[in-house]
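Here's the structure we're looking at; comments come further down.
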Amino acid sequence: MTTRSCPCGLPEAYEKCCGRFHSGAAAAPTAEALMRSRYSAFVRGDTGYLMRTWHPRTRPGRLDLDPGMRWTGLEVLETTGGSAFHSTGTVTFRASYRGGTLHERSRFERVEGAWVYVDGDFVD
């Protein structure tokens, strides 16, 4: 791994940013940090992390990523709740990929103290 900035858009190197969450060395402290780390997992094709951070109530039985998908950027537009003092939160974001964008408002909850992705709604 090189020390280039993290795919999530923050200036830290991957290892000090989302990489520590992916490896299990740390847990995402906020809903936004989890969302950013999940975006980075999509960029890197880390289905194990995506499944581990998906709410057990809504997690699919399996996840097959498109190997041809090329994510090109993330923009966080709004967050509500999702801090150390909350049990739920939402993150609205725009994720760009070759050929388009995905605009979503994602919902997150704490399960046994850890933030997990619940579901999301596409935003027009």
Side-chain angles (χ1 to χ4, degrees):
M1 227 27 248
T2 65
T3 58
R4 63 190 166 109
S5 60
C6 190
C8 79
L10 295 177
E12 291 283 337
Y14 168 76
E15 296 82 3
K16 292 184 178 184
C17 195
C18 294
R20 61 197 172 111
F21 306 140
H22 293 174
S23 71
T30 64
E32 180 180 338
L34 181 67
M35 190 281 306
R36 287 181 177 278
S37 70
R38 286 178 55 84
Y39 171 82
S40 291
F42 274 103
V43 170
R44 298 175 60 83
D46 188 344
T47 56
Y49 181 77
L50 292 167
M51 295 296 278
R52 285 192 310 276
T53 58
W54 209 313
H55 197 293
R57 177 176 81 237
T58 58
R59 179 175 45 224
R62 62 183 278 172
L63 181 61
D64 297 315
L65 300 180
D66 178 353
M69 177 66 90
R70 295 294 175 253
W71 295 99
T72 59
L74 176 67
E75 179 184 8
V76 173
L77 304 171
E78 179 183 30
T79 62
T80 59
S83 78
F85 304 105
H86 298 103
S87 58
T88 63
T90 65
V91 180
T92 304
F93 66 91
R94 185 174 294 115
S96 301
Y97 58 89
R98 279 192 204 150
T101 59
L102 169 71
H103 190 184
E104 182 177 307
R105 181 174 301 108
S106 295
R107 283 180 284 281
F108 298 87
E109 291 180 11
R110 284 188 188 265
V111 172
E112 297 178 6
W115 285 107
V116 292
Y117 169 78
V118 177
D119 61 15
D121 295 318
F122 295 116
V123 180
D124 294 329

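Just so you know, these numbers use all the heavy atoms, side chains as well, and skip hydrogens, waters and symmetry mates.
- Looking only at atom types and distance, the side chain of S40 has no donor-acceptor partner in the side chain of Y14 under 3.5 Å away.
- Using modelled atom types, no side-chain atom of T30 and backbone atom of G82 make a donor-acceptor pair closer than 3.5 Å.
- Residues A27 and F21 come closest through the heavy atom pair O-CE2, 3.5 Å.
- By the criterion of side-chain heavy atoms lying less than 4.5 angstrom apart, applied directly or through intervening Ile, Leu, Val, Met, Phe, Trp or Tyr residues, V76 is grouped together with F108 in one hydrophobic cluster.
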Determine, stepwise, if the pair T72 / R98 fulfils side-chain contact (heavy atoms from CB on, under 4.5 Å). CA-CA 7 Å; T72 59; R98 279 192 204 150; 4.2 Å; yes
Please step through side chain to side chain donor-acceptor pair (under 3.5 Å) for the pair T80 and T90, ending with a clear verdict. CA-CA 5 Å; T80 59; T90 65; 2.3 Å; yes
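- Relative ring orientation between W71 and Y39 is described as perpendicular, the plane-to-plane angle rising above 60° on a 0-90° scale split at 30° and 60°.
- Listed for the R57 side chain is no donor-acceptor partner under 3.5 Å among the backbone atoms of V118.
- Ring-plane geometry between Y117 and W54 is classed as perpendicular, the angle between the planes exceeding 60 degrees on a 0 to 90 degree scale with a lower cut at 30.
- F93 and L10 are assigned to two separate hydrophobic clusters, defined by single-linkage of ILVMFWY side chains at heavy-atom distances under 4.5 Å.
- One hydrophobic cluster, built from ILVMFWY side chains closer than 4.5 Å, cannot hold both L50 and V116; they sit in different ones.
- The minimum heavy-atom distance between L65 and G45, with the atom names listed, is CD1-CA, 3.8 Å.
- R20 contributes a side-chain N or O that, together with a main-chain N or O of C17, makes up a donor-acceptor pair within less than 3.5 Å.
- A chain of hydrophobic side-chain contacts below 4.5 Å, direct or via other Ile, Leu, Val, Met, Phe, Trp or Tyr residues, connects L102 to L74.
- When atom types are taken as modelled, the side chain of R36 and the backbone of C8 share a donor-acceptor pair closer than 3.5 angstrom.
- Exactly one residue among T88, D121, T58 makes a side chain to side chain donor-acceptor pair (under 3.5 Å) with R107. That residue is D121.
- In this structure, L34 and W115 approach most closely via the heavy-atom pair CD2-O, 3.2 Å.
- Between D124 and H103 the shortest side-chain heavy-atom distance does not fall below 4.5 Å.
- Between R62 and T47, every side-chain heavy-atom pair lies at or beyond the 4.5 Å cut-off.
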In sequence, state the C-alpha distance, the side-chain angles, and the governing distance for L77 and V123, and then conclude on side-chain contact (heavy atoms from CB on, under 4.5 Å). CA-CA 12 Å; L77 304 171; V123 180; over 6 Å; no
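- R52 places a side-chain N or O within donor-acceptor distance of the main-chain N or O of H22, the cut-off being under 3.5 Å.
- Note that CD of E32 is 10.5 Å distant from OG1 of T92, once rounded to the nearest 0.5 Å.
- For the residue pair E104/S106, the side-chain donor-acceptor check at 3.5 Å is satisfied.
- Looking at R94, its side chain never comes within 3.5 Å of a backbone N or O of E75 through a donor-acceptor pair.
- Under a hydrophobic-cluster definition in which Ile, Leu, Val, Met, Phe, Trp and Tyr are linked whenever side-chain heavy atoms come within less than 4.5 Å, directly or via other members, Y49 and V91 are assigned to the same cluster.
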